[in-house]
Participant: 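What follows is a structure written as structure tokens; I'll ask about it next.
A note on names: the letters A, B, ... follow the listed sequences, proteins ahead of strands, and every chain is numbered from 1. Just so it is clear, the structure is predicted and the values come from calculations on it, not from any experiment.
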There are 2 protein chains.
Amino acid sequence: MNETASIEIGLNAAIVSVREGQPNVLVTREGDKWDALPYGPFTPLDHRTLDIGLRNWVREQTGLELGYVEQLYTFGDRGRHAQRGDAGPHVMSVGYLALIGEEPQLELKGASFGRWYAYLPWEDWRAGKPDILVSEIEPRLKQWAERCEVDETRVAALTRPERLRICFALGGGADWDEEKVLERYELLYEAGLVAEARRDGRSAAKQWDDLPQLGRPMQFDHRRILSTAISRLRGKLKYRPVVFEMMPETFTLFELQKTVEAVSGHHLHKQNFRRLVENGGLVEPTGDVSTETGGRPAKLFRFRRDVLLERPSLGVRMKAGRI
Amino acid sequence: MNETASIEIGLNAAIVSVREGQPNVLVTREGDKWDALPYGPFTPLDHRTLDIGLRNWVREQTGLELGYVEQLYTFGDRGRHAQRGDAGPHVMSVGYLALIGEEPQLELKGASFGRWYAYLPWEDWRAGKPDILVSEIEPRLKQWAERCEVDETRVAALTRPERLRICFALGGGADWDEEKVLERYELLYEAGLVAEARRDGRSAAKQWDDLPQLGRPMQFDHRRILSTAISRLRGKLKYRPVVFEMMPETFTLFELQKTVEAVSGHHLHKQNFRRLVENGGLVEPTGDVSTETGGRPAKLFRFRRDVLLERPSLGVRMKAGRI
DNA sequence: CTAGATATACTCTGATTGAGTATATAGGGG
DNA sequence: CCCCTATATACTCAATCAGAGTATATCTAG
């Protein structure tokens, strides 16, 4: 009965970088199959900790030397591998977020960097509210909320309209919260609006005719892991200086701003961003300037590693600015 | 080689409650053995998700019905079970935090609620800086920092004095950060100052003569899990209304403040706390008053569940107030 | 009735934030 | 060369909020 022998532990990594204002994640792609996050088994006999195991197989598979690494979440779902039936070993999967500063040549064939917002297009508000929300997602979500059967089995659970209000700012009252990436994906899955829900045979998915593809799907629950990673990163941005893990050694303030905008998914007020970053003591000027910006040359800055010692916590905390 | 058959997955829970101004955690105690967090194996064949598995064995073992539950961290260390040698199965452990509003009768024999600050006395700053820090911990940490061998193997790692400054606010520059509970415990472990380090045969532990017991030790790495739970909870307190998970249905504002202080470990400014909580729309008066407070009767309040719908995030965010 | 204890209300000041305007310095076209 | 445009950088202003303190209200004990 208690067949622990059939458990296998895997490590999934969302390896993130920002290039030219686009946040990317490392994916593998083969044939017609959906994209997948890189994956490696955890062998406790070879590696003392999960972190070490992760760094090792990433190095072996891709040649990448990871810097910042953070554990996200452990999934033990039986439903995870619905595709391959319930016969195989039960896989526990530990999700990780890793940040890298530059995208190197990859040794892993089939691996490349894919854009976050190709997978989750509704999360990119930098140029205003995404069209796909207005034209495709919101009307269907409203339908789904109205069709609310009495299936709210959980005690004190929220109703469907309430959940729409919280997650998608539908129905007034609440604003769009850029940190609720995971909640939104899971709601879309539950409503049967993402391809993974159809793949997994979720009943809600059968209700939709002529449903366009809402974002590029991924294998297994990898789009959920990516959503978890983005949620965590967007949150952390506000109280820890993690942006700099994704920056080159020197950079202009506008490049820094573009990176923050890429990750957080919304536009920021330029002057206030400068004030915050400079007054916060997060950066120091190198003395050089960059003339590649077009107009007046921009001063180059570097991250002041000392802040990690001075302040208990410090990030690029600021609210969304209007476009 | 790849002996996955020897892996076993366990769920450890830090089940937290606050009573009479003291934050507690559910522990089991038998004979002379150190206290332990309740533990249950995860059997994927019986339970669909880790969360369900956790709730199930907690219900079965203790009769407790958990409300708020949050995954903390997954440990895969080989060193975890050093006590029993390296021969047994390799246990992966998923740590959980659970909050309960009231402490019920426990069906589990040997189980009881133990006070956080019995295990981690240096974390309770409500009555000012704890004596144990000044008299026992700080002098030894300074010694440890001076003895700094060139063992900083990790790239770009911080020096020992730098780490003391960050974690323990030693050496000036930084303030005590109440969220760094885990970092502090791990540093104490590394310096050999907690009983678990001696138990595990850490070399640093052998340097100390007449070392008093710094906080009650726990079995395995359970004090580390408890530290993780407290870190997470103290952080979350500031931006999510989780305090109310630990409150009865109705309460006075002072009781609420006492609970926040118990968890965060420091004293708050009473008037400002009121202003924040009331203006934030977190609570609503019930109309009744409580005369059990001694002086003027205190209005009773209840948590406004609606805030979960209105605000994207909202907590009891405030800095430490002087005594 | 008074002292002591607690709850509640209000004030003041400085810091932070959101938003906007003004100035500086480059390249390119006429 | 000068003007235009694009970008970077500097400064202003009002609203809000956080920290700290003072004043008032209402109970119980004696």
Participant: In B/S/- notation, 5' to 3', how is nucleotides 24-30 of chain D contacted by protein heavy atoms closer than 4.0 Å?
Facilitator: -BBBS--
Participant: Quick one: A:H269 NE2 to D:dC13 C1', roughly how many Å, whole number?
Facilitator: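 Answer to the nearest Å: 12 Å.
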Participant: Between P on D:dG19 and CG on B:L268, what's the gap in Å once rounded to a whole number?
Facilitator: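 After rounding, the reported distance stands at 10 Å.
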Participant: Is A:R232 paired with A:E179 through a side-chain N to carboxylate O contact shorter than 4.0 Å?
Facilitator: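 No, no charged N to carboxylate O under 4.0 Å.
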Participant: In terms of side-chain heavy atoms of B:L276, which of D:dA18, C:dG18, C:dA7 is nearest?
Facilitator: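 For the B:L276 side chain, the nearest candidate turns out to be D:dA18.
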Participant: Is the backbone N or O of A:T159 less than 3.5 Å from a side-chain atom of A:E162, with the two atoms forming a donor-acceptor pair by type?
Facilitator: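 Yes, because the side chain of A:E162 sits within donor-acceptor range (under 3.5 Å) of the backbone of A:T159.
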Participant: Given atom CG of B:N279 and atom C1' of D:dT16, what is their separation to the nearest angstrom?
Facilitator: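 Going from CG in B:N279 over to C1' in D:dT16 covers 12 Å.
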Participant: Between the base of D:dT22 and the side chain of B:Q271, is there any donor-acceptor pair under 3.5 Å?
Facilitator: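 Side chain to base: pair found, below 3.5 Å.
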Participant: Using the side chain to side chain donor-acceptor pair (under 3.5 Å) criterion, which residues pair with B:E255? Sequence neighbours excluded.
Facilitator: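 If we apply the side chain to side chain donor-acceptor pair (under 3.5 Å) test to B:E255, skipping adjacent residues, there are no hits.
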Participant: Do NZ/NE/NH1/NH2 and the carboxylate oxygens of A:E123 and A:R184 come within less than 4.0 Å?
Facilitator: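 A salt bridge is present here (some side-chain N lies under 4.0 Å from a carboxylate O).
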Participant: Separation of A:H267 atom NE2 from C:dG18 atom C1', in whole Å?
Facilitator: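 In whole Å, C:dG18 C1' and A:H267 NE2 are 14 Å from each other.
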Participant: Measure the distance from CG on B:L256 to C1' on C:dA7 and round it to the nearest whole Å.
Facilitator: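 The answer, rounded to whole Å, is 15 Å.
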Participant: Heavy atoms under 4.0 Å, any strand shown: does B:K270 hit a base, just sugar-phosphate, or nothing?
Facilitator: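 Base, at least one base heavy atom under 4.0 Å.
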Participant: Please report the interatomic distance OG1(B:T228) to CG(B:L233), rounded to the nearest 0.5 Å.
Facilitator: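 Rounded to the nearest 0.5 Å, the OG1-CG separation comes to 12.0 Å.
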Participant: Could you check how far CZ of A:R275 sits from C1' of C:dG20, rounded to whole Å?
Facilitator: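 Going from CZ in A:R275 over to C1' in C:dG20 covers 11 Å.
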Participant: So, is A:R274 near the phosphate of D:dA10, with a side-chain N or O under 4.0 Å from OP1 or OP2?
Facilitator: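 Yes, within the criterion.
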Participant: Under the side chain to side chain donor-acceptor pair (under 3.5 Å) test, which residues partner A:R275, sequence neighbours left out?
Facilitator: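 In terms of side chain to side chain donor-acceptor pair (under 3.5 Å), with neighbours along the sequence ignored, A:R275 is linked to A:N272.
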Participant: Send over the distance from A:F273 CZ to C:dT17 P, rounded to a whole Å.
Facilitator: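 In whole Å, C:dT17 P and A:F273 CZ are 13 Å from each other.
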Participant: What's the CD-P distance between B:E255 and C:dT8, to the nearest Å?
Facilitator: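 Taking CD of B:E255 and P of C:dT8, I get 11 Å after rounding.
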Participant: Within the structure provided, determine whether B:L182 and B:I230 are in side-chain contact (heavy-atom separation under 4.5 Å).
Facilitator: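 The answer is no, as the side chains (C-beta and beyond) never meet within the 4.5 Å cut-off.
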